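A single structure is presented below for examination.
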There are 2 protein chains.
Amino acid sequence: MSRLTREDIIVGAGRRFATHGYHGTSMRDLGDDLGILGSSIYAHVGGKQELLVAVIERGAAFFEAAAMAARAQGDGPESVLRLLVAGHIDVVLDHRAEARTYLSETHVLEPGARASIAATRDRYERVFVETIADGVDTGAFAPTIDPRLAAIYVLSVLNTIDRWFDDRGRITRTDLADDVNAFVLRGLVGGRETN
Amino acid sequence: MSRLTREDIIVGAGRRFATHGYHGTSMRDLGDDLGILGSSIYAHVGGKQELLVAVIERGAAFFEAAAMAARAQGDGPESVLRLLVAGHIDVVLDHRAEARTYLSETHVLEPGARASIAATRDRYERVFVETIADGVDTGAFAPTIDPRLAAIYVLSVLNTIDRWFDDRGRITRTDLADDVNAFVLRGLVGGRETN
DNA sequence: CCTACCGATCGGTAGG
DNA sequence: CCTACCGATCGGTAGG
(Lines give C-alpha, C1' and ligand atoms only; values in the text may rest on other atoms or scores of the structure.)
Protein backbone atom coordinates (compact mmCIF):
# COMPACT_ATOMS: atom_id res chain seq x y z
CA MET A 1 0.00 0.00 0.00
CA SER A 2 2.50 2.63 -1.06
CA ARG A 3 1.45 6.11 -2.07
CA LEU A 4 -0.35 6.70 -5.31
CA THR A 5 1.21 8.52 -8.22
CA ARG A 6 -0.32 11.10 -10.53
CA GLU A 7 -0.38 8.30 -13.09
CA ASP A 8 -2.56 6.14 -10.82
CA ILE A 9 -5.02 8.97 -10.36
CA ILE A 10 -5.33 9.56 -14.10
CA VAL A 11 -5.85 5.86 -14.78
CA GLY A 12 -8.54 5.69 -12.11
CA ALA A 13 -10.20 8.81 -13.45
CA GLY A 14 -10.25 7.30 -16.94
CA ARG A 15 -12.09 4.24 -15.71
CA ARG A 16 -14.70 6.29 -13.88
CA PHE A 17 -15.19 8.80 -16.69
CA ALA A 18 -15.51 5.99 -19.23
CA THR A 19 -18.17 4.14 -17.27
CA HIS A 20 -20.06 6.90 -15.45
CA GLY A 21 -19.24 10.00 -17.47
CA TYR A 22 -17.55 13.17 -16.29
CA HIS A 23 -20.67 14.64 -14.70
CA GLY A 24 -21.53 11.27 -13.19
CA THR A 25 -18.21 11.11 -11.37
CA SER A 26 -17.51 12.99 -8.15
CA MET A 27 -14.05 13.49 -6.70
CA ARG A 28 -15.23 11.40 -3.75
CA ASP A 29 -16.25 8.53 -6.08
CA LEU A 30 -12.82 8.65 -7.60
CA GLY A 31 -11.16 8.74 -4.19
CA ASP A 32 -13.18 5.69 -3.12
CA ASP A 33 -11.93 3.77 -6.17
CA LEU A 34 -8.36 4.67 -5.28
CA GLY A 35 -8.67 4.10 -1.53
CA ILE A 36 -8.13 7.73 -0.56
CA LEU A 37 -10.34 10.71 0.23
CA GLY A 38 -11.72 12.85 -2.57
CA SER A 39 -9.93 15.88 -1.21
CA SER A 40 -6.60 14.01 -1.25
CA ILE A 41 -6.70 13.91 -5.03
CA TYR A 42 -5.84 17.60 -5.02
CA ALA A 43 -2.37 16.70 -3.73
CA HIS A 44 -1.75 15.15 -7.17
CA VAL A 45 -3.72 17.18 -9.67
CA GLY A 46 -5.14 20.67 -9.95
CA GLY A 47 -8.75 19.68 -10.35
CA LYS A 48 -11.38 17.54 -12.02
CA GLN A 49 -11.18 19.24 -15.39
CA GLU A 50 -7.40 18.76 -15.44
CA LEU A 51 -7.98 15.03 -14.94
CA LEU A 52 -10.37 14.94 -17.86
CA VAL A 53 -7.85 16.73 -20.08
CA ALA A 54 -5.10 14.28 -19.09
CA VAL A 55 -7.27 11.20 -19.78
CA ILE A 56 -8.51 12.50 -23.14
CA GLU A 57 -5.06 13.59 -24.29
CA ARG A 58 -3.83 10.06 -23.67
CA GLY A 59 -6.71 8.64 -25.64
CA ALA A 60 -6.01 10.99 -28.52
CA ALA A 61 -2.31 10.13 -28.48
CA PHE A 62 -2.99 6.39 -28.81
CA PHE A 63 -5.10 6.92 -31.90
CA GLU A 64 -2.59 9.31 -33.42
CA ALA A 65 0.25 6.84 -32.90
CA ALA A 66 -1.79 4.04 -34.44
CA ALA A 67 -2.52 6.13 -37.54
CA MET A 68 1.14 7.00 -38.01
CA ALA A 69 2.12 3.34 -37.70
CA ALA A 70 -0.53 2.23 -40.21
CA ARG A 71 0.62 4.82 -42.70
CA ALA A 72 4.25 3.90 -42.25
CA GLN A 73 3.74 0.14 -42.51
CA GLY A 74 1.02 -0.05 -45.12
CA ASP A 75 1.69 -0.51 -48.81
CA GLY A 76 -1.10 1.02 -50.87
CA PRO A 77 -4.54 2.29 -49.82
CA GLU A 78 -6.15 -1.07 -49.14
CA SER A 79 -3.21 -2.20 -47.05
CA VAL A 80 -3.12 1.07 -45.10
CA LEU A 81 -6.85 0.89 -44.47
CA ARG A 82 -6.56 -2.66 -43.15
CA LEU A 83 -3.87 -1.52 -40.74
CA LEU A 84 -5.90 1.52 -39.71
CA VAL A 85 -8.86 -0.72 -38.89
CA ALA A 86 -6.77 -3.25 -36.95
CA GLY A 87 -4.90 -0.48 -35.16
CA HIS A 88 -8.08 1.33 -34.18
CA ILE A 89 -9.53 -1.88 -32.78
CA ASP A 90 -6.39 -2.44 -30.72
CA VAL A 91 -6.49 1.08 -29.29
CA VAL A 92 -10.16 0.86 -28.41
CA LEU A 93 -9.72 -2.52 -26.67
CA ASP A 94 -6.27 -2.10 -25.13
CA HIS A 95 -7.00 1.37 -23.79
CA ARG A 96 -10.71 1.15 -23.22
CA ALA A 97 -10.99 3.82 -20.53
CA GLU A 98 -8.95 6.49 -22.30
CA ALA A 99 -10.46 5.70 -25.69
CA ARG A 100 -14.05 5.74 -24.44
CA THR A 101 -13.53 8.96 -22.49
CA TYR A 102 -11.91 10.54 -25.55
CA LEU A 103 -14.80 9.41 -27.75
CA SER A 104 -17.63 10.31 -25.38
CA GLU A 105 -16.60 13.11 -23.04
CA THR A 106 -14.76 15.57 -25.27
CA HIS A 107 -17.81 17.83 -25.32
CA VAL A 108 -17.37 18.48 -21.60
CA LEU A 109 -13.87 19.86 -22.11
CA GLU A 110 -13.39 23.58 -21.59
CA PRO A 111 -13.19 25.48 -24.90
CA GLY A 112 -9.39 25.63 -25.20
CA ALA A 113 -8.74 21.94 -24.58
CA ARG A 114 -11.77 21.01 -26.65
CA ALA A 115 -10.48 22.88 -29.68
CA SER A 116 -7.10 21.23 -29.38
CA ILE A 117 -8.61 17.75 -29.13
CA ALA A 118 -11.01 18.48 -31.99
CA ALA A 119 -8.00 19.35 -34.15
CA THR A 120 -6.26 16.09 -33.23
CA ARG A 121 -9.39 14.15 -34.01
CA ASP A 122 -9.76 15.93 -37.35
CA ARG A 123 -6.22 14.97 -38.28
CA TYR A 124 -6.90 11.35 -37.41
CA GLU A 125 -10.13 11.15 -39.36
CA ARG A 126 -8.47 12.83 -42.32
CA VAL A 127 -6.07 9.88 -42.53
CA PHE A 128 -9.08 7.64 -43.13
CA VAL A 129 -10.59 10.03 -45.66
CA GLU A 130 -7.33 10.42 -47.57
CA THR A 131 -6.59 6.73 -47.57
CA ILE A 132 -10.00 6.01 -49.02
CA ALA A 133 -9.63 8.85 -51.54
CA ASP A 134 -6.29 7.38 -52.61
CA GLY A 135 -7.96 4.04 -53.11
CA VAL A 136 -10.60 5.63 -55.32
CA ASP A 137 -7.88 7.36 -57.34
CA THR A 138 -5.84 4.23 -57.86
CA GLY A 139 -8.94 2.26 -58.75
CA ALA A 140 -8.65 -0.02 -55.70
CA PHE A 141 -12.02 1.29 -54.52
CA ALA A 142 -15.12 2.04 -56.54
CA PRO A 143 -15.33 5.48 -58.21
CA THR A 144 -18.81 6.03 -56.77
CA ILE A 145 -17.41 6.08 -53.20
CA ASP A 146 -17.57 9.40 -51.36
CA PRO A 147 -14.42 9.19 -49.19
CA ARG A 148 -15.78 11.51 -46.52
CA LEU A 149 -18.95 9.50 -46.05
CA ALA A 150 -17.19 6.17 -46.27
CA ALA A 151 -14.66 7.25 -43.63
CA ILE A 152 -17.50 8.17 -41.30
CA TYR A 153 -19.13 4.76 -41.79
CA VAL A 154 -15.90 2.93 -41.04
CA LEU A 155 -15.16 5.04 -37.98
CA SER A 156 -18.72 4.59 -36.73
CA VAL A 157 -18.25 0.84 -36.72
CA LEU A 158 -14.81 1.06 -35.10
CA ASN A 159 -15.82 3.53 -32.40
CA THR A 160 -18.61 1.26 -31.20
CA ILE A 161 -16.61 -1.94 -30.88
CA ASP A 162 -15.59 -1.48 -27.25
CA ARG A 163 -19.26 -1.30 -26.34
CA TRP A 164 -20.02 -4.89 -27.29
CA PHE A 165 -16.84 -6.82 -27.97
CA ASP A 166 -15.53 -9.11 -25.23
CA ASP A 167 -12.05 -10.56 -25.58
CA ARG A 168 -13.27 -13.65 -23.75
CA GLY A 169 -16.18 -14.16 -26.17
CA ARG A 170 -16.72 -16.52 -29.05
CA ILE A 171 -14.71 -14.60 -31.61
CA THR A 172 -11.13 -13.46 -31.26
CA ARG A 173 -9.94 -9.96 -31.79
CA THR A 174 -8.09 -10.98 -34.95
CA ASP A 175 -11.24 -12.58 -36.34
CA LEU A 176 -13.09 -9.39 -35.56
CA ALA A 177 -10.54 -7.22 -37.36
CA ASP A 178 -10.69 -9.58 -40.36
CA ASP A 179 -14.47 -9.54 -40.39
CA VAL A 180 -14.69 -5.76 -40.13
CA ASN A 181 -12.09 -5.39 -42.85
CA ALA A 182 -13.90 -7.83 -45.12
CA PHE A 183 -17.20 -6.01 -44.63
CA VAL A 184 -15.72 -2.57 -45.11
CA LEU A 185 -13.60 -3.51 -48.12
CA ARG A 186 -16.55 -5.08 -49.89
CA GLY A 187 -18.41 -1.86 -49.17
CA LEU A 188 -15.63 0.17 -50.72
CA VAL A 189 -14.72 -2.08 -53.62
CA GLY A 190 -18.17 -2.76 -54.89
CA GLY A 191 -19.07 -5.67 -57.08
CA ARG A 192 -22.55 -5.94 -58.41
CA GLU A 193 -24.53 -2.72 -58.52
CA THR A 194 -26.75 -2.24 -55.51
CA ASN A 195 -28.62 0.87 -56.52
CA MET B 1 -47.49 32.46 -22.71
CA SER B 2 -49.99 29.92 -21.51
CA ARG B 3 -49.11 27.22 -19.03
CA LEU B 4 -46.83 24.38 -19.97
CA THR B 5 -48.03 20.81 -20.29
CA ARG B 6 -46.37 17.63 -19.15
CA GLU B 7 -45.61 17.08 -22.83
CA ASP B 8 -43.67 20.36 -23.02
CA ILE B 9 -41.60 19.38 -20.00
CA ILE B 10 -40.70 16.01 -21.49
CA VAL B 11 -39.73 17.56 -24.83
CA GLY B 12 -37.55 20.11 -23.05
CA ALA B 13 -35.96 17.41 -20.91
CA GLY B 14 -35.18 15.38 -24.03
CA ARG B 15 -33.32 18.28 -25.59
CA ARG B 16 -31.24 18.88 -22.47
CA PHE B 17 -30.51 15.21 -21.82
CA ALA B 18 -29.50 14.71 -25.44
CA THR B 19 -27.06 17.61 -25.47
CA HIS B 20 -25.75 17.74 -21.89
CA GLY B 21 -26.50 14.27 -20.56
CA TYR B 22 -28.66 13.32 -17.59
CA HIS B 23 -26.01 14.10 -14.99
CA GLY B 24 -25.11 17.31 -16.81
CA THR B 25 -28.68 18.59 -16.55
CA SER B 26 -30.10 20.12 -13.38
CA MET B 27 -33.78 20.72 -12.79
CA ARG B 28 -32.92 24.43 -12.70
CA ASP B 29 -31.26 24.20 -16.15
CA LEU B 30 -34.37 22.56 -17.46
CA GLY B 31 -36.59 25.16 -15.84
CA ASP B 32 -34.52 27.93 -17.43
CA ASP B 33 -35.05 26.37 -20.86
CA LEU B 34 -38.78 26.29 -20.25
CA GLY B 35 -39.07 29.72 -18.66
CA ILE B 36 -40.13 28.45 -15.23
CA LEU B 37 -38.34 27.63 -11.98
CA GLY B 38 -36.72 24.27 -11.45
CA SER B 39 -38.98 23.54 -8.55
CA SER B 40 -42.06 24.24 -10.68
CA ILE B 41 -41.32 21.19 -12.79
CA TYR B 42 -42.51 19.06 -9.86
CA ALA B 43 -46.03 20.29 -10.51
CA HIS B 44 -45.93 18.26 -13.75
CA VAL B 45 -43.72 15.27 -13.08
CA GLY B 46 -42.61 13.24 -10.11
CA GLY B 47 -38.89 13.76 -10.53
CA LYS B 48 -35.84 13.84 -12.75
CA GLN B 49 -35.62 10.09 -13.19
CA GLU B 50 -39.27 9.96 -14.26
CA LEU B 51 -38.45 12.50 -16.96
CA LEU B 52 -35.60 10.36 -18.21
CA VAL B 53 -37.84 7.32 -18.36
CA ALA B 54 -40.47 9.24 -20.31
CA VAL B 55 -37.96 10.58 -22.86
CA ILE B 56 -36.29 7.21 -23.39
CA GLU B 57 -39.57 5.34 -23.69
CA ARG B 58 -40.56 7.69 -26.47
CA GLY B 59 -37.27 7.14 -28.22
CA ALA B 60 -37.67 3.38 -27.96
CA ALA B 61 -41.23 3.55 -29.29
CA PHE B 62 -40.17 5.43 -32.43
CA PHE B 63 -37.62 2.78 -33.29
CA GLU B 64 -40.02 -0.03 -32.57
CA ALA B 65 -42.70 1.51 -34.82
CA ALA B 66 -40.16 1.99 -37.61
CA ALA B 67 -39.11 -1.66 -37.44
CA MET B 68 -42.71 -2.86 -37.59
CA ALA B 69 -43.38 -0.66 -40.61
CA ALA B 70 -40.26 -1.87 -42.43
CA ARG B 71 -41.18 -5.48 -41.83
CA ALA B 72 -44.75 -4.92 -42.99
CA GLN B 73 -43.87 -2.99 -46.12
CA GLY B 74 -40.74 -4.78 -47.23
CA ASP B 75 -40.71 -7.62 -49.72
CA GLY B 76 -37.76 -9.92 -49.08
CA PRO B 77 -34.69 -9.48 -46.87
CA GLU B 78 -32.91 -6.88 -48.99
CA SER B 79 -36.04 -4.79 -49.31
CA VAL B 80 -36.77 -5.02 -45.57
CA LEU B 81 -33.20 -4.05 -44.74
CA ARG B 82 -33.38 -1.01 -47.01
CA LEU B 83 -36.53 0.09 -45.23
CA LEU B 84 -35.01 -0.57 -41.83
CA VAL B 85 -32.05 1.62 -42.74
CA ALA B 86 -34.18 4.45 -44.12
CA GLY B 87 -36.57 4.20 -41.18
CA HIS B 88 -33.79 4.30 -38.62
CA ILE B 89 -32.31 7.38 -40.27
CA ASP B 90 -35.69 9.09 -40.15
CA VAL B 91 -36.17 8.33 -36.46
CA VAL B 92 -32.70 9.50 -35.55
CA LEU B 93 -33.11 12.77 -37.47
CA ASP B 94 -36.80 13.50 -36.89
CA HIS B 95 -36.64 12.74 -33.17
CA ARG B 96 -33.06 13.69 -32.42
CA ALA B 97 -33.50 14.43 -28.71
CA GLU B 98 -35.45 11.29 -27.82
CA ALA B 99 -33.31 9.07 -30.04
CA ARG B 100 -30.01 10.41 -28.71
CA THR B 101 -31.16 10.16 -25.11
CA TYR B 102 -32.36 6.62 -25.73
CA LEU B 103 -29.05 5.70 -27.35
CA SER B 104 -26.76 7.42 -24.84
CA GLU B 105 -28.42 7.68 -21.45
CA THR B 106 -30.08 4.31 -20.94
CA HIS B 107 -27.28 3.28 -18.58
CA VAL B 108 -28.39 5.96 -16.10
CA LEU B 109 -31.87 4.44 -15.84
CA GLU B 110 -32.75 2.75 -12.59
CA PRO B 111 -32.57 -1.07 -12.85
CA GLY B 112 -36.26 -1.74 -13.53
CA ALA B 113 -36.67 0.76 -16.33
CA ARG B 114 -33.27 -0.13 -17.72
CA ALA B 115 -34.17 -3.80 -18.02
CA SER B 116 -37.39 -2.94 -19.81
CA ILE B 117 -35.63 -0.67 -22.29
CA ALA B 118 -32.87 -3.22 -22.82
CA ALA B 119 -35.52 -5.75 -23.78
CA THR B 120 -37.09 -3.34 -26.25
CA ARG B 121 -33.70 -2.60 -27.74
CA ASP B 122 -32.95 -6.31 -28.01
CA ARG B 123 -36.16 -6.87 -29.89
CA TYR B 124 -35.32 -4.07 -32.30
CA GLU B 125 -31.80 -5.27 -32.97
CA ARG B 126 -33.07 -8.79 -33.47
CA VAL B 127 -35.12 -7.55 -36.42
CA PHE B 128 -31.86 -6.51 -38.09
CA VAL B 129 -30.16 -9.80 -37.24
CA GLU B 130 -33.07 -11.88 -38.48
CA THR B 131 -33.47 -9.89 -41.67
CA ILE B 132 -29.80 -10.38 -42.46
CA ALA B 133 -29.98 -14.07 -41.54
CA ASP B 134 -32.96 -14.44 -43.89
CA GLY B 135 -30.93 -12.84 -46.64
CA VAL B 136 -28.09 -15.29 -46.07
CA ASP B 137 -30.57 -18.19 -46.19
CA THR B 138 -32.22 -17.05 -49.41
CA GLY B 139 -28.85 -16.39 -50.99
CA ALA B 140 -29.45 -12.64 -51.25
CA PHE B 141 -26.45 -12.08 -48.96
CA ALA B 142 -23.12 -13.90 -48.89
CA PRO B 143 -22.96 -17.17 -46.93
CA THR B 144 -19.84 -15.95 -45.09
CA ILE B 145 -21.81 -13.19 -43.38
CA ASP B 146 -22.29 -13.51 -39.61
CA PRO B 147 -25.72 -11.89 -39.15
CA ARG B 148 -25.06 -10.85 -35.56
CA LEU B 149 -21.84 -9.06 -36.43
CA ALA B 150 -23.24 -7.54 -39.60
CA ALA B 151 -26.27 -6.20 -37.72
CA ILE B 152 -23.97 -4.52 -35.22
CA TYR B 153 -21.98 -2.88 -38.00
CA VAL B 154 -25.10 -1.54 -39.68
CA LEU B 155 -26.54 -0.25 -36.40
CA SER B 156 -23.22 1.35 -35.49
CA VAL B 157 -23.35 3.41 -38.66
CA LEU B 158 -27.02 4.30 -38.19
CA ASN B 159 -26.72 5.25 -34.53
CA THR B 160 -23.97 7.76 -35.26
CA ILE B 161 -25.68 9.64 -38.08
CA ASP B 162 -27.35 12.28 -35.91
CA ARG B 163 -23.90 13.25 -34.64
CA TRP B 164 -22.66 14.54 -38.00
CA PHE B 165 -25.51 14.78 -40.49
CA ASP B 166 -27.04 18.19 -41.11
CA ASP B 167 -30.27 18.40 -43.10
CA ARG B 168 -29.10 21.75 -44.44
CA GLY B 169 -25.80 20.30 -45.65
CA ARG B 170 -24.55 19.30 -49.10
CA ILE B 171 -26.27 15.93 -49.20
CA THR B 172 -29.96 15.26 -48.69
CA ARG B 173 -31.35 12.73 -46.32
CA THR B 174 -32.52 10.54 -49.19
CA ASP B 175 -29.05 10.58 -50.70
CA LEU B 176 -27.67 9.60 -47.33
CA ALA B 177 -30.06 6.68 -46.96
CA ASP B 178 -29.19 5.54 -50.49
CA ASP B 179 -25.47 5.82 -49.84
CA VAL B 180 -25.65 3.95 -46.55
CA ASN B 181 -27.77 1.27 -48.16
CA ALA B 182 -25.39 0.93 -51.09
CA PHE B 183 -22.40 0.62 -48.76
CA VAL B 184 -24.08 -1.83 -46.45
CA LEU B 185 -25.55 -3.98 -49.18
CA ARG B 186 -22.23 -4.29 -50.96
CA GLY B 187 -20.79 -5.33 -47.59
CA LEU B 188 -23.45 -7.99 -47.22
CA VAL B 189 -23.66 -9.22 -50.79
CA GLY B 190 -19.98 -9.55 -51.47
CA GLY B 191 -18.48 -9.66 -54.93
CA ARG B 192 -14.82 -10.30 -55.27
CA GLU B 193 -13.15 -11.98 -52.30
CA THR B 194 -11.58 -9.56 -49.87
CA ASN B 195 -9.83 -11.97 -47.53
C1' DC C 1 -46.42 27.80 -11.18
C1' DC C 2 -44.06 30.70 -7.33
C1' DT C 3 -42.15 31.49 -2.45
C1' DA C 4 -39.36 29.82 0.70
C1' DC C 5 -37.09 26.43 2.04
C1' DC C 6 -34.46 21.57 3.33
C1' DG C 7 -30.62 18.16 3.83
C1' DA C 8 -27.24 16.17 0.91
C1' DT C 9 -23.60 16.50 -2.04
C1' DC C 10 -20.55 18.96 -5.00
C1' DG C 11 -15.58 20.83 -6.29
C1' DG C 12 -12.20 22.69 -3.84
C1' DT C 13 -8.87 24.82 0.08
C1' DA C 14 -5.86 25.67 4.44
C1' DG C 15 -3.01 23.60 7.25
C1' DG C 16 -0.61 19.98 8.74
C1' DC D 1 -2.54 12.00 2.17
C1' DC D 2 -5.77 13.37 6.24
C1' DT D 3 -8.57 16.77 9.17
C1' DA D 4 -11.70 20.03 9.02
C1' DC D 5 -13.82 22.84 6.57
C1' DC D 6 -16.17 26.38 2.77
C1' DG D 7 -19.70 28.33 -0.42
C1' DA D 8 -22.37 26.73 -4.21
C1' DT D 9 -25.45 23.78 -6.16
C1' DC D 10 -28.19 19.68 -6.22
C1' DG D 11 -32.99 17.11 -6.22
C1' DG D 12 -36.87 17.79 -3.95
C1' DT D 13 -41.01 19.53 -0.64
C1' DA D 14 -44.82 22.37 1.91
C1' DG D 15 -47.91 25.60 1.21
C1' DG D 16 -50.17 28.61 -1.38
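The structure displayed is predicted, hence computed values, not measured ones. To find a chain, count down the sequence lines: A is the first, B the second, and so on, and within it residues start at 1. These numbers come from the heavy atoms of this one structure, side chains and all, not from hydrogens, waters or symmetry mates.
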NA contact type, B/Ile36, heavy-atom cut-off 4.0 Å: base, sugar-phosphate, or nothing?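 The residue B/Ile36 makes sugar-phosphate contact but no base contact.
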Residue-level proximity of residues 7-19 of chain B to DNA chain D when a heavy atom falls under 4.0 Å: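 Those residues whose heavy atoms fall under 4.0 Å from DNA chain D, taken from residues 7-19 of chain B, amount to none.
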Does a nitrogen or oxygen in the side chain of A/Tyr42 sit under 4.0 Å from OP1 or OP2 of C/dG12?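 It does, given that an N or O in the side chain of A/Tyr42 lies less than 4.0 Å from OP1 or OP2 of C/dG12.
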Would you please say whether a donor-acceptor pair under 3.5 Å links the side chains of B/Thr131 and B/Asp134?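 Per modelled atom types, B/Thr131 and B/Asp134 side chains form no pair under 3.5 Å.
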Contact class for A/Leu4 vs. all strands (heavy atom < 4.0 Å): base, sugar-phosphate, or nothing?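 Touches sugar-phosphate only.
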Nearest of C/dC10, C/dC5, D/dC2 to any side-chain atom of A/Ser26?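 From the listed options, C/dC10 comes nearest.
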In this structure, OG1 of B/Thr144 is separated from CG of B/Leu188 (nearest 0.5 Å) by 10.0 Å
Any link between A/Leu83 and A/Leu93 through a network of hydrophobic side chains (Ile, Leu, Val, Met, Phe, Trp, Tyr) touching at under 4.5 Å? no
Whenever both distances are under 3.5 Å in a Watson-Crick or G-U wobble pair, mark it; put DNA chain D into dot-bracket that way, with [ ] for crossing pairs and | when the partner is on another strand. ||||||||||||||||
Cation-aromatic face contact B/Arg121/B/Phe63, 6.0 Å, 45 degrees: no
If you assign each of A/Arg28 and A/Ala43 to its closest nucleotide in DNA chain D, which residue comes earlier from the 5' end?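 Between the two, 5'-proximity favours A/Ala43.
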Students often mix this up, so state it plainly: with edges at 30° and 60°, are the rings of B/Phe183 and A/Phe183 parallel, tilted or perpendicular?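 Ring orientation, 0 to 90° scale: perpendicular.
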What's A/Gly47 touching, base or sugar-phosphate or nothing? Going by heavy atoms closer than 4.0 Å.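 Counting heavy atoms under 4.0 Å across all strands, the contact made by A/Gly47 is with sugar-phosphate only.
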